[in-house]
Each structure stands twice: as structure tokens, then as C-alpha cells.
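Basis for what follows: all heavy atoms, side chains included, without hydrogens, waters or symmetry-related copies. In what follows, residues are counted from 1 in the order of the sequence shown.
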Amino acid sequence: MIEVWDRVVRFVHWSVAALVLANFIIDSRPWHRYAGYLAVALVALRLAWGFASSGYARFSRWWPGTRDIITYLCETIAGNAPRYIGINPLGASMAVLLWLLIGSLGLTGWMMGLDAYWGEEWLEELHETLAYVLLACAAIHVTSVIIVSVRHRENLPKAMLTGKKRAG
């Protein structure tokens, strides 16, 4: 077993997952806002860690190019996608999408508190739509993790808890 996901990655991953889930359950104004801002701060921490770390969390180690994403998608559709020690190109793409959605939710939530946008229905609808898109993407992420875990006979949720995966 080798360590793939360090403590920062695992802490941010599970904390953001819990905060996103909590924000769908909590509708109390201050707590919803605090949880949202904390999620954005944790995403910012993860982004900084992607440049500062030296392991599999480092962006230069896993950031996929368009060709990598398309190739991996074709291999996945064909049923012969390779196993990755770190994150695969589709997983990396989903991570970026989730981070962008969380950042967008933080921005639109913050904007709703400004005098210039107070009570703007379009902004509230955009915030709500982004929240449901985030929820759908999270569901796709969880489903994909289960499928990849089964296909490669590897417990990816456990790896994200322990940080360890088999080397070969």
C-alpha cells in the first residue's frame, strides 16, 4: 500500500462534502451562509495545496489535458479504462467542476447580501440552480467512484479515508 491522498486532501474532501450536504439540509440564514463560506475557503485551501504539495495532490502531477480527458473517456466507454494510482482524468475534470460550482455558489451567495443585488430574483434563481447542478454533479461523482471501485476491485472511498491505495 502506498499513500496517495495526504491529510490535507482527505480533510478538505470530506469536510466540503459534509458542508455541501449540510447546506441542502440547513436553511437557517446564518448557518447556511457560514457553511457556504467555509466550503469556499476549503476549496481555496485545496487549490493552494495543489500548487504547494509535492505528492499526488500537486496539480502538475494530475492535471489532465483535453487529449487525456477524451482518451480516458473513450477507454471508459469501451470498457478498458486503465487504473490510476492518483486521480484519473475524468475524476480530475469532475473535481475542477465541483470546485468551480462551489466557488460560484459562494460568489452568488455573497452577492445576494450586497445592497446592489438585494432581493434580485434572477440571482437567487441562479444560486439555486447552481446548487442543484452541484448536487447532480456530486451524485455523478459518487456513482462514478462506485463504478470505478467495482471495475478495478479497489475501495476508493476507503482510500479517500485512509489515504492509501495498492501500488500495483
Side-chain angles (χ1 to χ4, degrees), residues 3-64 66 69 84 86-149 155-165:
E3 182 162 332
V4 177
W5 307 122
D6 60 43
R7 290 178 189 217
V8 173
V9 169
R10 296 187 331 255
F11 172 76
V12 169
H13 179 274
W14 293 112
S15 297
V16 168
L19 288 166
V20 166
L21 184 60
N23 256 354
F24 275 96
I25 297 168
I26 299 170
D27 198 23
S28 173
R29 286 281 178 191
W31 293 111
H32 180 87
R33 186 173 61 245
Y34 299 151
Y37 289 156
L38 182 54
V40 170
L42 287 168
V43 168
L45 170 64
R46 177 59 184 95
L47 292 173
W49 190 244
F51 293 106
S53 69
S54 59
Y56 284 93
R58 189 170 185 81
F59 292 145
S60 63
R61 189 146 188 193
W62 64 263
W63 201 264
T66 306
I69 295 167
Y84 277 71
I87 191 168
N88 69 52
L90 289 179
S93 300
M94 180 57 81
V96 171
L97 177 58
L98 292 169
W99 295 338
L100 286 170
L101 287 166
I102 291 166
S104 298
L105 281 161
L107 177 63
T108 56
W110 172 74
M111 287 173 66
M112 285 191 292
L114 298 175
D115 289 342
Y117 296 103
W118 184 261
E120 288 288 341
E121 193 171 318
W122 70 267
L123 186 59
E124 291 178 21
E125 289 175 5
L126 175 60
H127 187 78
E128 186 176 334
T129 300
L130 288 169
Y132 283 113
V133 170
L134 175 61
L135 188 61
C137 288
I140 292 167
H141 170 64
V142 170
T143 303
S144 299
V145 165
I146 292 167
I147 291 168
V148 171
S149 291
N155 189 339
L156 292 177
K158 181 180 177 185
M160 189 50 82
L161 285 169
T162 65
K164 298 183 185 318
K165 291 175 77 173

Given Ile87 and Trp5, is the side chain to side chain contact (heavy atoms under 4.5 Å, CB included) satisfied, shown in steps? CA-CA 10 Å; Ile87 191 168; Trp5 307 122; 3.8 Å; yes
If you take the centroid of each ring, where Trp contributes its six-membered ring, are Phe59 and Trp62 closer together than 6.0 Å? yes
Counting C-beta onward and ignoring hydrogens, is there a side-chain heavy-atom pair between [X] and [Y] closer than 4.5 Å?
X      : Y      : result
Val145 : Ser149 : yes
Trp122 : Tyr117 : yes
Val96  : Trp63  : yes
Ser144 : Ile140 : yes
Phe24  : Leu135 : yes
Val8   : Arg46  : no

Around atom [atom1] of [X], are there more than 12 heavy atoms of other residues, nucleotides or ligands at under 6.0 Å?
X      : atom1 : result
Tyr34  : OH    : no
Glu128 : CD    : no
Tyr84  : OH    : yes
Trp14  : CH2   : yes

If you apply the rule side chain to side chain contact (heavy atoms under 4.5 Å, CB included), what do you find for Arg10 with Met160, and how did you get there? CA-CA 6 Å; Arg10 296 187 331 255; Met160 189 50 82; 3.9 Å; yes
Between Thr108 and Leu105 (side chain of the first, backbone of the second, donor and acceptor by atom type, cut-off under 3.5 Å), is there such a pair?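 Yes.
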Donor-acceptor contact present, side-chain Arg58 to main-chain Phe51, <3.5 Å: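 Present.
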For residues Ala57 and Asp6, report the shortest heavy-atom separation together with the two atoms involved.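 Where Ala57 meets Asp6 most closely, the heavy atoms are CB-OD2, 3.8 Å.
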Identify the residue among Val148, Ile146, Ile147 that makes a side-chain contact (heavy atoms from CB on, under 4.5 Å) with Leu156.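 Looking at Val148, Ile146, Ile147, the match for Leu156 under the side-chain contact (heavy atoms from CB on, under 4.5 Å) is Val148.
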Distance from [X] atom [atom1] to [Y] atom [atom2], nearest 0.5 Å?
X      : Y      : atom1 : atom2 : result
Ile25  : His32  : CD1   : NE2   : 12.0 Å
Leu107 : His127 : CG    : NE2   : 10.5 Å
Glu121 : Glu124 : CD    : CD    : 7.0 Å
Leu134 : Leu97  : CG    : CG    : 8.5 Å

For side chain to side chain contact (heavy atoms under 4.5 Å, CB included), just list the numbers for Val12 and Trp49, CA-CA rounded to whole Å, side-chain angles, deciding distance to a tenth of an Å, and then say yes or no. CA-CA 10 Å; Val12 169; Trp49 190 244; over 6 Å; no
One pair to check against side chain to side chain contact (heavy atoms under 4.5 Å, CB included): Cys137 and Leu101. What are the steps and the verdict? CA-CA 9 Å; Cys137 288; Leu101 287 166; 4.0 Å; yes
